Amino acid sequence: MNLITFTIAMTALISLILVLIAFWLPTINPDTEKMSPYECGFDPLGTARLPFSMRFFLVAILFLLFDLEIALLLPLPWGDQLNSPLTTILWTTTILILLALGLIYEWLQGGLEWAE
């Protein structure tokens with residue numbers, strides 16, 4: 001019981017220290033960018049109908065796609081312990097091939113070129 005009490009007390013103490021540091025550290029050197037409520041690069045007080053770069057949108061979608069790929073491939077180490085790990089390897093290879101073909105297509109179409 002003493003170990004559990006000590007563990008809870010240490011966890012609470014470390015959490016409190018981290019919270020205090022998180023509130024204290026940003027106020028040391030404030031500037032206009034840190035004080036801005038938005039970090040997207042758009043003016044928050046301007047009109048909401050400003051056009052944005054389609055290339056930025058494409059890169060954001062590609063990031064989400066490859067982020068989803070990571071989420072799909074995370075269970076792969078546990079898939080080796082199934083009765084037939086060949087099925088897991090087949091599905092993983094299929095996902096990777098489809099994503100690689102999509103990336104090659106975008107690259108050949110010039111969609112990954114940031115500047116023209």
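No experiment lies behind these values; they were computed from the predicted model shown. What's counted below: heavy atoms across the whole structure, side chains too, no hydrogens, waters or symmetry copies.
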Pairs of donor and acceptor atoms involving the side chains of residues 92-103, under 3.5 Å and at least two apart or interchain, shall be tabulated with distances.
{"residue": "Thr92", "atom": "OG1", "partner": "Thr88", "partner atom": "O", "Å": "2.8"}
{"residue": "Thr93", "atom": "OG1", "partner": "Ile89", "partner atom": "O", "Å": "2.7"}
{"residue": "Thr94", "atom": "OG1", "partner": "Leu90", "partner atom": "O", "Å": "2.7"}

Check your understanding: Taking Leu20 as the fixed residue, which of Ile17, Leu16, Leu18 is the one that meets the side-chain contact (heavy atoms from CB on, under 4.5 Å) rule?
Key -> Leu16

Exercise for review: Please list, chain by chain and in numerical order, all residues satisfying side chain to side chain contact (heavy atoms under 4.5 Å, CB included) with Thr7, sequence neighbours excluded.
Suggested key: Leu3, Thr11

Practice item. Could you tell me the separation between the CE atom of Met10 and the OG1 atom of Thr5, rounded to the nearest 0.5 Å? Key: 13.5 Å

**Study point:** Remaining members of hydrophobic cluster (4.5 Å side-chain criterion), Leu108
**Key:** Ile104

